[in-house]
Amino acid sequence: MIQFIQNLIDAVALGSIYALVALGVGLLFGILRLINFAHGDYITIGAYALIVPSADVTARLLIGDWPWPVLIPTICLIVVIAALLTDAAVFRPLRRATSPTLMIASFAVSYIIQNGVLMAYGSRPKSVDLWSGANSQVFIGDLRVPMLQLITLAVTLVLMVAVTLFLRRTSYGIQMRAAAEDFRMAQYLGVRGNVVIGIAFALSGILAGVVSLLYTTQSGSLSHVMGVPLALFAFVAVVVGGMGSLVGAVVGGFVIGITVTMLQAYLPPDLRAFRDAFAFAFVILVLLVRPAGIIPSRSTFERV
Amino acid sequence: MTTLLEVDRISVRYGNLVALRDVSLTVAEGEVVCIIGPNGAGKSTTLAAIAGGVTPFSGDIRLQGESILGRQPEQIARLGLSLVPEGRHVFGTLTVEENLKIGGFVQGDRSTARADLDRMFTLFPRLAERRTMPAGRLSGGEQQMLVVARAVMTRPRLLLVDEPSLGLAPRIVDQIYEMLLDLRQRANLTLLINEQSSNRILKHADRIYVLRGARIQLEGTAAELQDGEAIRSAYFGFEDGATAKAEIPA
Ligand SMILES: Nc1ncnc2c1ncn2[C@@H]1O[C@H](COP(=O)(O)OP(=O)(O)O)[C@@H](O)[C@H]1O
Ligand SMILES: [Mg+2]
């Protein structure tokens, strides 16, 4: 039983990372109908910004050495700038393009970022030790819970509440929800389309920045393709959750994270190598039962 | 009377289809002007072109003498022109209050916007009762009321309304017109309204344009067109002298 709860905590922690990524992807999808595969590479940018650019195998910390209160906003700011730049350079000229065009453009952006990282930092994965306290554990009764997982859960919770409050309570939040539902009508009422889209990119950049820190601390390594599986799982989470619902994206993220971790823990050892195949089979099963996703919805921001 | 809006020989096409051909019209400060015409005549396209939703390939549109051609809808909205499109377009998942607030954000002054919001709720108690309800759950008439109130929240000088009576019971349509004319007094509005039918229009409009087949067929003051005969032949495209029994839909 204890073992199961232990696994469950692992699962929820991984799920919450996927949920944060899916939330970032979902925000942009809601307003632009863009599935942004470059979102994973925003995370890569945040992670690599921690270290000194060089092709050495052992990474020397750069921003990663700064105190946390400075480090976190700096990384977020860098990722936000990267996200806004991709909007200005690529997605803004494509405002009238269809969804598939936008998605293909996001693949291009993703590829360009990966190769940019490759040129500046070399192709070999690097190990980084961002926070040596990450492995310390907290005892709750008989449970040993890694500190990092508690932090991951707390951060996820805080960010979700923050995004919800932003969308519900602020003027730009309300404008974003309106634009997500009927972009043209919002413009007819004076809502500035590019500003609202810019805010969506910035928000998704903040989320990606935070994920880059959590993920790097957890994995202890960097690679120029580290964001790819994250973006892929987030995409799956968005689809499973019900394309076009933020709550759905978050729920989908948790479902994927929990499924993957539980498969890792309980599949017979011979089959563990095929973990992701089982995970995707599960996804297909979910979609067969509920083709519109777990939480189908007309508007992305419905009941956030 | 000073001219507020001048539409100067605009033409619009969707792919190969020419939806407007050399359409000209003017609206003076304080007027109520109506465009009537059958389905597919180009009425919605005219209003969309004025509001920046579609761009004409020739001609010009001037608001208070200044060309607004090619500007984004949001810029035009901020110049004091507000469009209530056909088919209501409430933000269904936003509450009634949030829908109205969207209109208020444009003017930038929070305290004015709050005062306007209170004023709308006083004017429309039915919306006040439903202020926290998702707008998608309102009845058709209430939604039409909401989108007009929402447009007025932007404090426009010129309000464009596309077929406010579409799909509503006659009694509700009367209320909507009462509301439009009341708001016109209170908020110093100039109105440009599209309709398919002429009976209400003849009562309320100062001037009327008849649009059919992408062209303006007839224009005149409501007094000149009062008997409805000229309107009917322009609307249906009868040759001179032909008197068909066709009726403009009520
Ligand atoms: N978005 C569009 N794409 C292609 N054709 C359109 C579009 N909107 C309207 N049309 C066509 O343009 C013509 C005028 O339409 P519209 O302005 O909606 O007329 P009305 O409002 O008078 O019914 C019609 O033939 C209609 O089919
Ligand atoms: Mg129409």
Side-chain angles (χ1 to χ4, degrees), chain A residues 26-27 29-33 92-96 98 163-200 242-249 292 295-304, chain B residues 47-48 50-55 71-95 97-110 113-114 132 134-137 143 146-156 159-162:
Chain A
L27 273 169
F29 177 77
I31 200 153
L32 265 189
R33 305 288 131 179
R92 190 174 294 196
L94 294 176
R95 279 291 187 265
R96 283 160 194 271
T98 59
V163 169
T164 305
L165 286 179
F166 170 79
L167 290 172
R168 291 242 146 252
R169 295 285 162 81
T170 69
S171 117
Y172 279 115
I174 296 174
Q175 292 181 53
M176 265 180 75
R177 283 159 57 218
E181 196 171 316
D182 190 337
F183 197 83
R184 181 37 65 79
M185 188 61 236
Q187 284 185 302
Y188 280 145
L189 290 165
V191 172
R192 291 192 168 98
N194 280 334
V195 172
V196 174
I197 291 170
I199 292 173
M243 209 78 171
S245 152
L246 284 188
V247 179
I295 303 181
S297 135
R298 277 171 296 120
S299 160
T300 312
F301 300 144
E302 191 165 22
R303 274 174 277 117
V304 278
Chain B
L47 295 197
I50 298 169
V54 296
T55 310
R71 297 208 201 184
Q72 287 289 311
E74 63 227 55
Q75 294 174 301
I76 294 174
R78 283 162 190 269
L79 292 173
L81 190 155
S82 204
L83 168 67
V84 180
E86 187 175 63
R88 301 194 265 278
H89 294 265
V90 295
F91 301 115
T93 60
L94 273 60
T95 65
E97 180 169 345
E98 285 170 337
N99 267 274
L100 290 171
K101 277 182 168 171
I102 295 280
F105 292 141
V106 182
Q107 30 163 313
D109 183 325
R110 272 166 194 263
R114 203 167 312 128
T132 58
R137 304 231 313 265
Q143 290 190 3
L146 176 61
V147 291
V148 172
R150 184 177 67 183
V152 174
M153 285 289 292
T154 67
R155 296 208 156 201
L159 185 65
L160 313 182
V161 192
D162 198 351

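Just so we're on the same page: letters track the sequence lines, and every chain starts at 1.
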Subject >> Q75(B) versus chain A, the contacting section by heavy-atom distance below 4.5 Å >> reply: neither
Original post:
Relative to chain A, which segment of A48(B) carries a heavy atom at a distance below 4.5 Å: side chain, backbone, both, or neither?
Top reply: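 A48(B) touches chain A through backbone and side-chain heavy atoms alike.
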Chain A contacts, top residue of [options] (heavy-atom pairs, under 4.5 Å):
| options | value |
| --- | --- |
| A51(B), G52(B), P85(B), G53(B) | G53(B) |
| L83(B), T154(B), L94(B) | L94(B) |
| R78(B), R110(B), H89(B), M153(B) | R78(B) |

Subject >> Where V106(B) and G190(A) come nearest, the two heavy atoms and their spacing >> reply: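 In this case the closest contact between V106(B) and G190(A) is CG2-CA, 3.8 Å.
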Subject >> Taking every non-hydrogen atom, the tightest pair across A135(B) and L146(B) >> reply: CB-CD2, 3.7 Å
**OP:** Check M176(A), R95(A), R192(A) against I197(A) for a side chain to side chain contact (heavy atoms under 4.5 Å, CB included) and give me the one that passes.
**Re:** R95(A)
Subject >> Region of R184(A) that comes under 4.5 Å of a non-hydrogen atom in chain B >> reply: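 For R184(A), the side chain is the part near chain B, not the backbone.
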**OP:** Sorted by first residue and then second, give each salt bridge (Lys or Arg N to Asp or Glu O under 4.0 Å) pair with at least one member in residues 97-108 of chain B; sequence neighbours left out.
**Re:** R168(A)-E98(B), R177(A)-E98(B), E97(B)-K101(B), E97(B)-R131(B)
Original post:
For N99(B), what residues pass the side-chain hydrogen bond (donor to acceptor under 3.5 Å, both in side chains) criterion, not counting sequence neighbours?
Top reply: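 N99(B): side-chain hydrogen bond (donor to acceptor under 3.5 Å, both in side chains) contacts with R150(B).
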